[in-house]
Amino acid sequence: MSESQSESSFKIEAKNIDVFYGEKQVLKDVNMPIEGNTVTALIGPSGCGKSTFLRLFNRMNDYIDVFHKKGEILIDGKDIYRKKTNVEELRKSVGMVFQKPNPFPKSIYDNIAYGLRIQGINKKSLLDEIVEKSIRQAALWDEVKDNLKKSALALSGGQQQRLCIARTLAVEPSVILMDEPASALDPISTAKIEELIQELKEQYTILIVTHNMQQAGRISDKTGFFYMGDLVEFDETQQIFTNPKNERTENYISGRFG
Amino acid sequence: MNNLQRNKIKDKAFKYFGVTCTFFGIFILGVFLFGIINDGVSRINWDFLTNLPSYRPKKAGILTAWTGTLWIFGLTAIFAIPLGIAAAIYLEEYGKKSWFANLLEINITNLAGVPSIIYGILGLEIFVRLMGLGGSLLAGSFTLSLLILPVIIVATREALKAVPLTTRTASYALGATKWQTIWNLVLPASLSSIITGVILALARAVGETAPLIVIGALAYVPFVAKTPLDEFTVMPIQIFNWISRPQHGFTINAAAAIIILLAFVFVMNGIAVYIRIKAKKKSH
């Protein structure tokens, strides 16, 4: 990034973030500016705070009673933790894909349409159009187009996860958070998801938590390495994987711990 | 004999013990059913269903009893189902974990085990006397609603609990509010279990006698109830009344009425089982 870039050019910005679960501090003074239409990988050993960090951006941590935080999360220049933030609105623009595929116990069609229907969109032709578009975007259309009324639970794990991605895309977010989206999938499904992430980058800003170093190296533009609540290093993925500045980053990436 | 053989024998012994226990229950029920059907089935005809009660056993019918049971069934369903489900949704989805919530929870579980006649006494005091409803259908169905509310609440909460957290989380992540999530996702997913619980609870209400006797339901009602404020009788009370009479004709009447009440309850339980099986198939 060039020196002259102003702060507002970042799509997302985490500023001086401290997160506590009760007394326990799980993130320490994390700063991370993220440009639009990029893929940012968050890596680090289990319990390092990367998932907690990811869930800050759609306020999913709010459901944890003992959670509290200091610092700011800016999306499009606005702090999403302001009092007047409408959390439901926020989550329409910041979608999330979870570790384990979690389709609703409904038909494939109804899964995709769910996010639209809760917004009061009920026009059949419009729903049809968005459902098809979203499933196509998620590279699932050819596999399910004849069975849209079938239960989503009957799909394979990899298909379910692409369905969940399609469901997220249907509400047209600008940011997509992915929490180890391929960790429960076989290699072929994983490859499909990775390919998909590359395509989605054109339109969305993506943050992805992953335990898979190769995956982070393959799909991301930037990588942040977390360790014990610190953002140890945050840089171009190329840089992190070939020439890390910090010794701990190097040890983790080369598999010496974690 | 080594250990393995001994274990196998124990295994077999326990299996046969279990089978014996099961068949013992079924056998007793079978004997009972056979006796009842033998006595009563020939008495069931159109007149029996449409006649008013009478002093002469051959002329007596169960019109007032079965219409009363239908009234009670319907009214109790109207009061107890929305209240029970709403209370369960509050307790399960909205209620914060606190000492008060715990107290409430313990009380509801305990209430499910309170003898039904206690509910009758409560109904007598509150609905019949305090609210001045008398021995009416309304007082009866209020009392039975109280009786089955804990059952509905407990069953509904279990059903809601069975909807996994990951499903709810996915809904929130799409921008759904809590109520949207409950209405569009949690309730449809748990509906079949809720319906099963509700039907079983209502089947229990239909078979209750003691609380209704306490609130003053009559054994002899010479008219069909037209409004919820009318006095009434129900099938179990009619049966109870006939059995306690000396004439043999009334014993036969009671047997016939038992067959009809049993059929009604069996059909309801059958529907509950059917819904459950169908829901299971759907989710797999």
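Letters go in sequence order (proteins before strands), and every chain restarts at 1. Treat the numbers as computed from the prediction; the structure is a model and nothing was measured.
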Report task. Indicate yes or no: does A/K92 engage A/E88 in a salt bridge with an N to O separation below 4.0 Å. Result -> no
Report task. Pick one of side chain, backbone, both or neither for A/R59, based on which atoms fall under 4.5 Å of a heavy atom in chain B. Result -> neither
Requested in this report: Look at B/L174, B/V163, B/T166 and state which one has the largest set of heavy-atom pairs under 4.5 Å with chain A.
Outcome: B/L174
Query raised in the report: Any side-chain donor-acceptor pair under 3.5 Å between B/T169 and A/Y63?
Result: no
Query raised in the report: Is the side chain of A/N212 donor-acceptor paired with the backbone N or O of A/Q215 at a distance under 3.5 Å, no angle test?
Result: yes
Report task. Please state whether the side chain, the backbone, both or neither of A/K100 comes within less than 4.5 Å of a heavy atom of chain B. Result -> neither
Report summary line: CD of B/Q180 to CD1 of A/I118, rounded to nearest 0.5 Å, is 5.0 Å
Query raised in the report: Is chain B contacted by the side chain of A/V97, its backbone, both, or neither, given a heavy-atom distance below 4.5 Å?
Result: neither
